[in-house]
Amino acid sequence: MQKLQQLYEGKAKKVFATSDPDLIIQEFKDDATAFNGVKRGQIAEKGIVNNQLSCHLFRYLESFGIKTHFVEELSPREMLCKSLKIIKVEVVMRNIAAGSLVKRLGFTEGTELPYPIVELYLKDDALGDPLMNDMHAALLGLASPDELEFIKQQATKINSILKDYFLGKDLKLVDFKLEFGKHKDEILLGDEISPDTCRFWDKSTNKKLDKDRFRQDLGNVEDAYIEVRHRVMGV
Ligand code: TMP
């Protein structure tokens, strides 16, 4: 298997073709953006931490029967993945009120939700990834109603697995974003699971240990990513 031409460059990753048409390589960058690319910066070693954590978490989820695009960790910044036709829906799971739930609906930050909630966003930078419901997603032809139901069920299952897992590492999984895609007619979990795409708070102090440190200029951004890797992977 050979790394071939770059297919796509996103805000935090590059995607490369390989000599196997069913496989691609995700290369994780240190670039960080927030507010739909308006705020830009670099977080040293972020690409390495996010790749290592994502590989670890995809392996963990696979052990519970969750199907993901993960194939192999190729290098500190590179993940070999099954190629996906990405479904243009960002699925957000929330356990504790934070971020846009606080801004949009007036929840008090830190309020534990009585049950996890699932939200769908249209994956479209030009429109600013707006919130939508299942009917919008189906009408836009992004996925069928059955596929959307499956995706929401998977996200809920992933949340219950990861919430307990992180709590065992003294981290509260506040909320996170998932992306799914199709590989040979099968829906797989794609993208990454990292402090870029999850909110993690320290279990006892609620200290923020994720990209909110960058979004909100809280300082010690690199340390937070390294701390999460250390708690989760012991390295
Ligand atoms: P939000 O509270 O800003 O809607 O974010 C919810 C979760 O989704 C949070 O864990 C961060 C993650 N997220 C992304 O991964 N990418 C994004 O572009 C945004 C806005 C949020």
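The figures that follow rest on heavy atoms only: side chains count, while hydrogens, waters and symmetry mates do not. Start at 1 and go down the list; that is how both ligands and their atoms are numbered.
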- Query: Is there a heavy atom in Glu192 that sits closer than 4.0 Å to ligand 1?
  - Reply: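 Not so, Glu192 does not reach ligand 1.
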- Query: Strictly under 4.0 Å, does any heavy atom of Asp196 approach an atom of ligand 1?
  - Reply: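 Yes; Asp196 lies near enough to ligand 1 that a heavy-atom distance drops under 4.0 Å.
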Need the ligand 1 atom indices (1-based, order shown) with element for anything under 4.0 Å from a heavy-atom of [X].
{"X": "Arg215", "result": "11 (C)"}
{"X": "Gly99", "result": "2 (O)"}
{"X": "Phe176", "result": "10 (O)"}
{"X": "Tyr121", "result": "4 (O)"}

Please determine if [X] and [Y] form a salt bridge, counting it only when a charged side-chain N lies under 4.0 Å from a carboxylate O.
{"X": "Lys39", "Y": "Asp217", "value": "yes"}
{"X": "Asp191", "Y": "Lys13", "value": "yes"}
{"X": "Glu179", "Y": "Lys177", "value": "yes"}
{"X": "Lys208", "Y": "Glu109", "value": "yes"}
{"X": "Arg231", "Y": "Asp170", "value": "no"}

- Item | Check: Asp175 N/O within less than 3.5 Å of ligand 1 N/O | yes
- Message: Using a 3.5 Å cut-off on N or O atoms only, is Arg199 in polar contact with ligand 1?
- Response: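 Yes.
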- Which of these, Glu179, Glu119, Lys103, Lys177, has its nearest heavy atom closest to atom 8 (O) of ligand 1?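 Considering heavy atoms of Glu179, Glu119, Lys103, Lys177, the nearest to atom 8 (O) of ligand 1 sits in Lys177.
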- Message: Within the protein, is there a heavy atom lying under 4.0 Å from atom 19 (C) of ligand 1?
- Response: no
- Message: Side chains of Asn95 and Asn159: any donor to acceptor distance under 3.5 Å?
- Response: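 Yes, side-chain donor-acceptor contact under 3.5 Å.
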- Decide if atom CZ of Arg40 counts as having more than 12 heavy atoms of other residues, nucleotides or ligands within a radius under 6.0 Å. no
- Item | Nearest protein heavy atom with distance in Å, relative to atom 17 (C) of ligand 1 | Glu90 OE1, 4.5 Å
- Task: Look at atom 1 (P) of ligand 1 and say which protein heavy atom is nearest, naming residue and atom and giving the distance to 0.1 Å.
- Result: Ser100 OG, 3.4 Å
- Taking the side chain as C-beta and beyond, is there a heavy-atom pair between Phe64 and Ile158 under 4.5 Å?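 Side-chain contact under 4.5 Å: no.
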- Query: Is any side-chain heavy atom of Phe58 less than 4.5 Å from a side-chain heavy atom of Cys81?
  - Reply: no
- Specify side chain, backbone, both or neither for Lys211, according to which of its non-hydrogen atoms lie closer than 4.0 Å to ligand 1. neither
- Answer side chain, backbone, both or neither: which part of Lys11 comes under 4.0 Å from ligand 1, heavy atoms only. neither
